[in-house]
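Here is the structure we will look at, set down as structure tokens.
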Amino acid sequence: MAKSLLIRDLTLRDGQQSQFATRMTQTQVDRVLPFYKEAKFYAMEVWGGAVPDSVMRFLNENPWTRLESIRDGVAGASKLTALSRGRNLFGYTPYPDSVIEGFCRNSVKSGIDIMRVFDALNDIDNMTSTIRFVKENGAMADCAVCYSVDPKFSLGERLGAFFKGKKIPGVIFDIKYFVKKAKELEKAGADMITIKDMAGLVDPDTSAKLIKALKSEIAVPIDLHTHCTPGYGTASILMAMVSGVDIVDTVIMNFSGGPAAPAFEIVQLLADRLGLDTGVKLSAVASINRELRGIREELSKFDQYKRLPPEIDLDNFEPDAKLKSLLDGAAEAAVAGKTGDVLKLSQAIEACFNYPEPDEIVKRAQIPGGMYTNMMAQLKEFKLEQLVNEVLEIVPQVRLDAGVPPLVTPTSQIVGVQAVNCIVDKTQGKPFYSNVSKNFMELVKGSYGITPFPVDPDFRERIAGVREETPYDTGAYKKQDNPELPEYGSLRLAQNEKEELLLELFPSVADKYLKGLRKAEWEASASSQAEWPSQETEAAQGRYSSKFWEEELQLAMEC
């Protein structure tokens with residue numbers, strides 16, 4: 001009997017977010033749901049991340065409707081999963097338990113079976129409330145440890161810091177670190193553990209060692225989530241597969257590669273060679289992939305690569321001699337533990353499917369692709385694009401000053417913005433940290449949690465005005481206003497708890513979106529009332545009773 005390998009499909013959340021700025025419309029999502037119902041992936045990541053914000057901000061759609069429509073369309077064939085940043089939920093604000101409980105309860109009620117919870121600092125205390133509320137409402141807690149690598153410092157930089165009395169840490173993010181965090185999360189109630197590598201920095205050798213270590217010490221299932229940006233994606237997934245990983249995260253071919261995760265189709269071809277059964281219906285995957293090809297063309301203005309892979313239907317697919325040799329060789333090298341060969345062969349396999357070349361900047365700088373893109377956009381605003389290498393050079397120092405946070409949203413953006421600010425300071429003849437972002441100040445202060453390496457008290461006092469680490473006080477949190485709208489018949493801006501949660505989590509975006517909803521509802525109500533015949537005429541004709549008109553008016557006010 002073949003061993004099983006469970007697949008979490010990321011296409012409708014992380015896939016479209018990584019490749020197409022989260023612009024899939026409800027209509028486009030609906031087109032693939034019947035095929036997903038047939039495919040029967042173990043799980044589908046469909047919500048959280050940038051989805052709730054983007055569907056309101058750019059598509060004028062309801063995030064809860066998006067989730068519920070997928071729930072109804074898939075009808076239990078796969079577990080639905082969402083992504084949450086623990087106490088921060090979706091943004092930078094640490095929320096009180098009342099908001100976290102409401103979010104978890106309504107998410108589960110609307111269809112979420114598994115909530116993937118992470119914290120950008122890997123601070124377990126920031127995750128415990130979400131874990132508890134998810135489980136209390138009957139869903140599974142998928143607890144993620146954010147993968148990161150240590151900042152690189154030259155010998156000269158280390159000696160310089162030593163003579164200035166500054167500390168530069170040795171190794172922080174080693175195998176022991178991730179196993180320790182996983183054990184803490186298992187103790188906190190995790191139903192599964194994910195190594196979440198959003199930058200794609202886990203190389204195949206580390207992937208094998210890490211998965212083996214976790215499987216030897218953790219009882220719950222282990223999932224590997226990584227990306228293809230610097231070129232490690234497929235190779236690292238393959239090494240995880242031969243090392244005993246329980247679940248891997250993939251994307252359907254037409255949305256895969258580049259900044260996204262590896263393709264399911266490639267993983268399936270490798271799983272076949274390793275005797276691993278994914279349990280996925282391949283003909284249904286082919287139908288999803290065909291539909292996604294058309295959707296990708298519809299989203300072409302958001303497609304940064306515009307490199308379509310060849311058509312593939314695994315239900316009727318026989319690789320040519322070259323691809324077959326590469327697949328066989330990669331599987332054999334993985335079993336033999338030859339990770340260098342695995343990487344070379346896996347990248348050749350990706351090339352056969354027209355993947356973008358590895359991003360050497362991301363690989364060398366060891367930062368997420370989105371962080372690099374945002375830094376470049378910020379530099380362009382100052383007309384300083386030519387200084388990007390200077391920014392990349394100081395990222396390790398800025399990260400060290402901030403306590404060596406893992407570079408994952410939102411800390412990657414906080415560090416990146418501050419690195420640019422420092423170089424702008426330099427061009428203006430000012431010392432570094434003359435211009436400090438509010439988020440960087442909060443990170444250094446301790447508002448986001450405990451950093452992996454202690455922040456220097458003198459630096460904290462300079463940036464935040466306090467010497468001691470100072471956690472955020474959720475007791476001071478002020479609930480968002482939910483005003484009446486006199487211009488729309490004095491309707492409340494948010495009409496129910498789910499809409500109130502949108503206001504709490506996305507204040508400015510939800511305010512605009514909900515005002516648009518209330519305006520449309522009010523105008524529709526006014527229009528329908530204006531078109532009704534008079535009660536006297538209808539009553540004279542014997543067609544409507546007074547009770548009918550009372551019920552119609554009530555329905556009009558509620559729509």
Side-chain angles (χ1 to χ4, degrees), residues 9-36 39 44-63 65-66 69-70 73 198 200 227-231 233-234 249-266 284-314 349-362 368-377 380 385 409 509:
D9 176 80
L10 308 174
T11 305
L12 299 183
R13 204 289 297 175
D14 191 84
Q16 63 142 331
Q17 181 174 322
S18 297
Q19 295 276 33
F20 312 115
T22 324
R23 291 304 206 280
M24 281 186 79
T25 65
Q26 185 66 58
T27 301
Q28 290 168 333
V29 169
D30 289 342
R31 280 156 53 184
V32 297
L33 293 182
F35 307 122
Y36 268 108
M44 297 166 55
E45 186 181 78
V46 299
W47 210 62
V51 168
D53 180 298
S54 292
V55 299
M56 286 189 292
R57 184 191 300 266
F58 302 115
L59 306 176
N60 197 35
E61 295 179 358
N62 190 316
T65 300
R66 170 68 60 94
S69 72
I70 296 173
M198 69 167 287
H227 291 242
C228 295
T229 321
T234 299
D249 291 5
T250 65
V251 174
I252 303 296
M253 178 64 77
N254 274 310
F255 275 33
S256 71
F264 164 75
E265 289 87 342
I266 296 176
V285 172
S287 297
I288 297 170
N289 196 42
R290 280 192 291 272
E291 198 64 51
L292 289 177
R293 197 174 192 85
I295 292 170
R296 180 167 181 171
E297 291 170 356
E298 293 163 12
L299 298 173
S300 61
K301 68 179 179 179
F302 305 109
D303 187 346
Q304 60 181 309
Y305 292 104
K306 295 181 171 59
R307 291 176 61 165
L308 289 168
E311 300 274 7
I312 181 171
D313 177 353
L314 291 184
I349 291 167
E350 292 177 344
C352 290
F353 289 98
N354 205 27
Y355 272 28
E357 291 75 19
D359 190 319
E360 292 300 325
I361 293 175
V362 169
M371 176 180 172
Y372 175 77
T373 301
N374 287 349
M375 289 192 300
M376 282 301 298
K380 285 179 181 178
E385 303 98 301
T409 305
V509 174

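Positions are given from 1, in the same order as the sequence printed here. Since the structure is predicted, the reported quantities are computational estimates derived from the model, not experimental observations.
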Exercise. CD of Gln17 to CZ of Arg23: how many Å apart, nearest 0.5 Å?
Worked result: 11.0 Å
Exercise. Any idea which heavy atoms bring Arg296 and Pro309 closest together, and the distance?
Worked result: NH1-CD, 4.0 Å
Problem set entry | Minimum heavy-atom distance Gly200-Pro230, with the two atoms named | O-CG, 2.9 Å
For this session: Could you tell me whether the side chain of Gln19 and the main chain of Gly257 form a donor-acceptor pair under 3.5 Å?
Result: yes
Seminar exercise, completed: CD (Gln16) and CG (Leu10) are apart, to the nearest 0.5 Å, by 11.5 Å
Problem set entry | Atom pair CG/CZ of Asp30 and Arg66 - distance to nearest 0.5 Å | 8.5 Å
For this session: Tell me yes or no: between the side chains of Gln26 and Thr65, is some donor less than 3.5 Å from an acceptor?
Result: no
Seminar exercise, completed: For Gly233 and Glu350, the nearest pair of non-hydrogen atoms, with its separation, is C-OE2, 4.5 Å
Exercise. Around Lys301, counting heavy atoms of other residues, nucleotides and ligands shown, do more than 12 lie under 6.0 Å from its NZ?
Worked result: no
Exercise. Is there side-chain contact between Pro262 and Cys228, with at least one heavy-atom pair below 4.5 Å?
Worked result: yes
Exercise. What pair of heavy atoms forms the shortest contact from Val51 to Leu12, and how long is it?
Worked result: CG2-O, 4.3 Å
Problem set entry | Residue pair Asp14 / Met198, side-chain heavy-atom distance below 4.5 Å | no
Problem set entry | Rounded distance (nearest 0.5 Å) linking atom OG1 of Thr25 with atom CD1 of Ile295 | 7.5 Å
For this session: Report the residue from Val509, Thr22, Leu59 that forms a side chain to side chain contact (heavy atoms under 4.5 Å, CB included) with Ser54.
Result: Thr22
For this session: Answer whether the closest heavy-atom distance between the side chains of Asn354 and Leu308 falls below 4.5 Å.
Result: no
For this session: May I ask you to check whether Thr11 and Tyr36 show a side-chain donor-acceptor distance below 3.5 Å?
Result: yes
For this session: Flag the pair Trp47 / Val55 as yes when at least one side-chain heavy-atom distance between them is below 4.5 Å, and no otherwise.
Result: no
Exercise. Do Met253 and Ser256 come close enough that some side-chain heavy atom pair is under 4.5 Å?
Worked result: yes
Problem set entry | Among Phe302, Phe264, Phe20, Tyr305, ring-ring contact (aromatic ring centres under 6.0 Å, His included) partner for Phe255 | Phe20
Exercise. Quick one: are Ile312 and Phe353 in side-chain contact, heavy atoms under 4.5 Å?
Worked result: yes
Problem set entry | Reported OG1-to-CD distance for the pair Thr27 and Glu298, which is rounded to 0.5 angstrom | 9.5 Å
Problem set entry | Exercise: identify the closest heavy-atom pair between Arg31 and Gly294 | NH2-C, 4.4 Å
For this session: Would you sort out whether Leu314 and Val285 count as a side-chain contact (heavy atoms from CB on, under 4.5 Å), showing the intermediate values?
Result: CA-CA 8 Å; Leu314 291 184; Val285 172; 5.9 Å; no
Exercise. Less than 4.5 Å apart, any side-chain heavy atom of Glu265 and any of Ile252?
Worked result: yes
Exercise. Quick one: are Leu299 and Asp303 in side-chain contact, heavy atoms under 4.5 Å?
Worked result: no
For this session: Determine the minimum heavy-atom distance between Arg13 and Ala50, stating which atoms define it.
Result: NH1-N, 4.5 Å
